[in-house]
**Student:** 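This structure is in C-alpha cells; I'll ask about it shortly.
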Amino acid sequence: SFLSMGKGGFRVNLMNWRRFVRQLISADELRALLSYDPLTGIFRWRVPVNGRKVNSIAGTPKIGDGRNLITLNKKRYIAARLAWLYMTGSWPENEIDHKDTDPKNDSWENLRDVPHRVNMQNVRRVSRAKKHSKLLGAIFQAKENRWSARIRVNGQTISLGRFDTEEAASAAYVAAKRKMHEGCTL
C-alpha cells in the first residue's frame, strides 16, 4: 500500500504511489484517504494530499451535468461510484443511478446499481424537439392538431394513443412509464 501510519498520522510512500496509480482504488485505500457521509453524500479528505487540507470537501463538479468528480492517485472518479465502493466494499457492477435524477445528490439512499437500460428509464427530462411539449411524454401531431404519447419498452415503441390535450397525453405516458419501466421513480 502507498499509505502507512506514522506518529503524525498517515504517510504517503511515493514509490508505491506510482505503481498504485495504474490500478482502481480499493475500498480500504479509499476509506484511508476520504470519509463519506451517507446522509449528505459528501466526501472529505482524511489526510493532506497534494495541498488538500484535512476535512476539506473532496472533488469538483463536472461541467455539464454537475456530477462530482474526485481525483485520487492521478485518476478521476465519479463520486457516486466511490460512494458505492465506500459503502459496499466493492465496485458497482453496472451504472450508478440517482433515484431522484439529481447527479449532485450522492447520498447513499439516493444511489442504486442498475443496468444501463434501467438507468435510462429513470430519465425525467423533456425532449428539446419542437414537436414535444414541456410535459413529459407528450408529442404534438401537427397534421391532426392533436397530441400523442408513446413509450419504448425492450426496444419496442408502443403507441399510447392520441389525445386532445398535452396534459392527457403526458398523463397517459406517466401512467405507462410507472407500469412498464422498472427503473421509473416517478
Side-chain angles (χ1 to χ4, degrees), residues 24 30 34 36-44 57-72 75-186:
L24 286 177
L30 172 63
L34 299 171
Y36 170 71
D37 183 343
L39 296 176
T40 64
I42 294 174
F43 281 95
R44 293 186 180 274
I57 295 176
T60 56
K62 179 180 176 185
I63 295 172
D65 66 6
R67 289 184 293 177
N68 196 23
L69 297 177
I70 299 174
T71 302
L72 300 169
K75 185 170 178 63
R76 288 176 25 176
Y77 295 94
I78 297 169
R81 295 184 67 78
L82 289 176
W84 193 270
L85 174 65
Y86 194 97
M87 295 298 288
T88 67
S90 61
W91 284 99
E93 293 181 21
N94 299 291
E95 295 179 3
I96 295 298
D97 180 35
H98 293 78
K99 294 176 193 174
D100 68 358
T101 72
D102 179 0
K104 294 172 252 170
N105 180 4
D106 292 328
S107 63
W108 179 243
E109 288 297 316
N110 190 45
L111 305 177
R112 61 184 180 168
D113 182 6
V114 296
H116 179 72
R117 173 185 54 81
V118 174
N119 192 7
M120 294 311 298
Q121 292 172 350
N122 194 24
V123 173
R124 296 183 191 174
R125 282 173 278 158
V126 177
S127 172
R128 292 183 184 168
K130 288 182 181 178
K131 65 181 180 178
H132 290 268
S133 85
K134 293 181 181 175
L135 300 176
L136 191 62
I139 305 163
F140 186 66
Q141 304 296 328
K143 289 181 182 176
E144 301 173 31
N145 201 28
R146 296 186 76 196
W147 293 88
S148 69
R150 60 183 179 232
I151 191 167
R152 285 188 62 82
V153 178
N154 297 327
Q156 303 254 342
T157 301
I158 300 169
S159 174
L160 302 173
R162 305 263 192 255
F163 304 90
D164 292 328
T165 66
E166 63 184 311
E167 291 82 5
S170 180
Y173 174 80
V174 169
K177 184 172 184 62
R178 287 181 176 144
K179 185 178 179 181
M180 299 177 179
H181 283 174
E182 67 181 277
C184 177
T185 58
L186 288 173

**Student:** Please report the interatomic distance CH2(W84) to CD(E93), rounded to the nearest 0.5 Å.
**Tutor:** 9.5 Å
**Student:** Where is the tightest heavy-atom contact between K99 and R112, given as atom of each residue plus distance?
**Tutor:** CG-CD, 4.0 Å
**Student:** So how far is it from D113 CG to W91 CH2, rounded to the nearest 0.5 Å?
**Tutor:** 12.0 Å
**Student:** Give, for atom OG of S107 and atom CD1 of I42, the distance between the pair rounded to the nearest 0.5 Å.
**Tutor:**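 It is 10.0 Å, given to the nearest 0.5 Å.
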**Student:** Taking side chain to side chain contact (heavy atoms under 4.5 Å, CB included) as the test, write out the residues that go with T157, two or more places apart.
**Tutor:** R150, R152
**Student:** Are Y173 and W147 an aromatic pair by the rule of ring centers under 6.0 Å?
**Tutor:**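 Judged by ring-centre distance (under 6.0 Å), Y173 and W147 do not meet the cut-off.
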**Student:** Looking at every heavy atom in both K104 and G66, which two are closest together, and how far apart are they?
**Tutor:** CG-O, 3.1 Å
**Student:** Report yes if some heavy atom in the side chain of N145 is under 4.5 Å from a heavy atom in the side chain of F140; otherwise report no.
**Tutor:**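 Answer yes - side chains close enough.
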**Student:** Grab the two heavy atoms, one from D100 and one from D102, that are nearest each other, plus how far apart they are.
**Tutor:** OD1-N, 2.9 Å
**Student:** Sequence neighbours excluded, which residues qualify as ring pair (Phe, Tyr, Trp, His ring centres under 6.0 Å) partners of Y36?
**Tutor:**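 Y36 satisfies ring pair (Phe, Tyr, Trp, His ring centres under 6.0 Å) with F43, Y86 only.
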**Student:** Quick one: list whatever passes side chain to side chain contact (heavy atoms under 4.5 Å, CB included) with E167, sequence neighbours left out.
**Tutor:** L135, T165
**Student:** Which heavy atom of N110 sits nearest to which heavy atom of N105, and what is that distance?
**Tutor:**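 What the structure gives for the nearest pair is ND2-O, 2.8 Å.
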**Student:** For A149 and A169, work out which heavy atoms get closest and say how close.
**Tutor:**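 For A149 and A169, the tightest heavy-atom pair comes out as CB-O, 3.4 Å.
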**Student:** A side-chain contact here means heavy atoms from C-beta on lying under 4.5 Å apart; do I70 and L34 qualify?
**Tutor:**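 Yes, their side chains come closer than 4.5 Å.
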**Student:** Might you point out which heavy atoms bring R81 and E95 nearest each other, and give the distance in Å?
**Tutor:**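 That would be NH1-CA, 4.3 Å.
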**Student:** Quick one: list whatever passes side chain to side chain contact (heavy atoms under 4.5 Å, CB included) with T71, sequence neighbours left out.
**Tutor:** R52, R76
**Student:** Sorted by first residue and then second, give each salt bridge (charged side-chain N to carboxylate O under 4.0 Å, His left out) pair with at least one member in residues 139-148; sequence neighbours left out.
**Tutor:** E144-R162, R146-D164
**Student:** Which residues pass the side chain to side chain contact (heavy atoms under 4.5 Å, CB included) test with D106, sequence neighbours left out?
**Tutor:**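 If we apply the side chain to side chain contact (heavy atoms under 4.5 Å, CB included) test to D106, skipping adjacent residues, the hits are N68, A79, A80, H98, L111.
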